[in-house]
Amino acid sequence: MKHFARVTTLAAALLSASLITGTVHAQLAPSAQPAAAPATAPAEARKANIVIIGTGGTIAGAGASAINTAAYQSAVVPVDKIIASVPEVSKVANVKGEQIFQIGSESFNNERLLKLGKRVSELLKQPDVDGIVITHGTDTIEETAYFLNLTLKSDKPVVVVGSMRPGTALGADGALNLYDAVLVASNPTSRGKGTLVVLNDEIHTGRDVTKSNTFKTETFRSAFGPLGYVVEGRSQYYRLPARPHTVQTEWDIDKIDKLPEVAVVYAYGNVNPASIDAAVKSGAKAIVYAATGNGSVGDYMVEPLKAARAKGVQIVRASRTGSGVVIRNAEQPDDKYDWIVTDDQMPQKARILMALALTKTNDSKALQQVFWKY
Ligand code: GLU
């Protein structure tokens, strides 16, 4: 296994240099004692080989002081240093770090998403790689996870992980989240469950998870609940994703080199109709309208949306409420206008699905089926 440097040595070399070691270690001290190993820990036949891809975010962040839990610089600590600061991970897996980006996740765009997806796909094809962990900012973690969930062609576990507090903060959550993510990626029962997001002791499916609070560690939620928990070094599933993912979908990351432009226009009282025209003029092939309530559309917005559709742009009615389904032909006559509804998907994730769907078809009926299927 020459590709996988045992992290123990790396940790020893980097511990003193780490920006975040002191704080993180203070928090992990109890579990660092061998006697504290939980009786429930699974006895693995061999350690899994896990590649940890660093992209930035708060899990790679550092603040000026320990009380900076929410104001700090994200994306500054290299992935190898993050790994070195949590030597517990080497007890559950052979890990290897790889830095692909060092960015806040708000800076993800289609090019970066494709680059990440293609690298993950490449690694998953290596027989000596059992799973992937991606460290990521929490702001758009749900979009990346949903994209990978729909486009990777492998059963191997892929876990996207972040943190809400930098490693320098009191109560930093990154170390435990990373440890939990490596546990989940190493757990053979994580195979075939699609791309997962692990934070705050919970395992979520990339399809459903969304960030719901700007600063709390308990920010990630899935409308139908998490798939499982990670507690005391043990990951456990309680339910399965119902919608098709990874090997079951029609998209293959290796075959996608460009994603069509899809705009999200946010609705509010007095929304400017010119925002629809601006999206069309900027080359959007579809507009996800983050409408109010059950996808309701203001009377003065109907004509601009119909005009966009007449120019060939697909219109997807979504909801800005954050949960629930948008019902076809309820608030608006979708059949008559040839519009699409998003089912239960959030506008930002409907954008991902629409971009992928448009790589296969521009038929509105087929596109509607895609939204109901995935
Ligand atoms: N805005 C940054 C990002 O999404 C930091 C937020 C976080 O990671 O929690 O990468």
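Keep in mind that the numbers below use all heavy atoms, side chains included, and drop hydrogens, waters and symmetry copies. By convention here, the first residue in the shown sequence is residue 1.
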Could you tell me whether the side chain of [Y] reaches within less than 4.5 Å of the side chain of [X], counting heavy atoms only?
X: Val160; Y: Leu196; value: no
X: Leu199; Y: Val197; value: yes
X: Thr168; Y: Asn68; value: no
X: Val230; Y: Asp201; value: no

Is the distance between the ring centroids of [X] and [Y] under 6.0 Å?
X: Trp251; Y: Phe147; result: no
X: Tyr229; Y: Tyr238; result: yes
X: Phe108; Y: His136; result: yes

Any side-chain donor near an acceptor of the partner, [X] and [Y], under 3.5 Å:
X: Thr138; Y: Lys211; answer: yes
X: Thr217; Y: Asp173; answer: no
X: Gln368; Y: Arg328; answer: yes
X: Tyr374; Y: Glu250; answer: yes
X: Ser121; Y: Asp254; answer: yes

Handout entry: Residues Glu111, Lys258: salt bridge by 4.0 Å N-O rule
Key = no

Exercise for the section: Answer yes when Lys96 and Asp80 have at least one side-chain N-carboxylate O distance shorter than 4.0 Å, and no when they do not. Expected result: no

Exercise for the section: Evaluate the criterion side chain to side chain donor-acceptor pair (under 3.5 Å) for residue pair Asn187 and Thr189; output intermediate values, then yes/no. Expected result: CA-CA 5 Å; Asn187 186 343; Thr189 64; 2.8 Å; yes

Count the heavy atoms belonging to other residues, nucleotides or ligands that lie under 6.0 Å from [atom1] of [X], then report whether that count exceeds 12.
X: Gln236; atom1: CD; result: yes
X: Glu218; atom1: CD; result: no
X: Lys153; atom1: NZ; result: yes
X: Tyr237; atom1: OH; result: yes

Exercise for the section: Please step through salt bridge (Lys or Arg N to Asp or Glu O under 4.0 Å) for the pair Arg207 and Asp344, ending with a clear verdict. Expected result: CA-CA 11 Å; Arg207 182 195 185 272; Asp344 69 327; 2.7 Å; yes

Practice task
Can you spot which of Val159, Val133, Val198, Val92 makes a side-chain contact (heavy atoms from CB on, under 4.5 Å) with Leu183?
Solution key: Val92

Exercise for the section: Calculate, to the nearest 0.5 Å, the distance between atoms OG and OH belonging to Ser65 and Tyr72 respectively. Expected result: 13.5 Å

Completion exercise
Checking Arg309, Arg317, Lys306 against Asp334 for salt bridge (charged side-chain N to carboxylate O under 4.0 Å, His left out), the one that qualifies is Arg317

Handout entry: Identified side chain to side chain donor-acceptor pair (under 3.5 Å) counterpart of Asn94 within the set Asp130, Asp128, Asn49
Key = Asn49

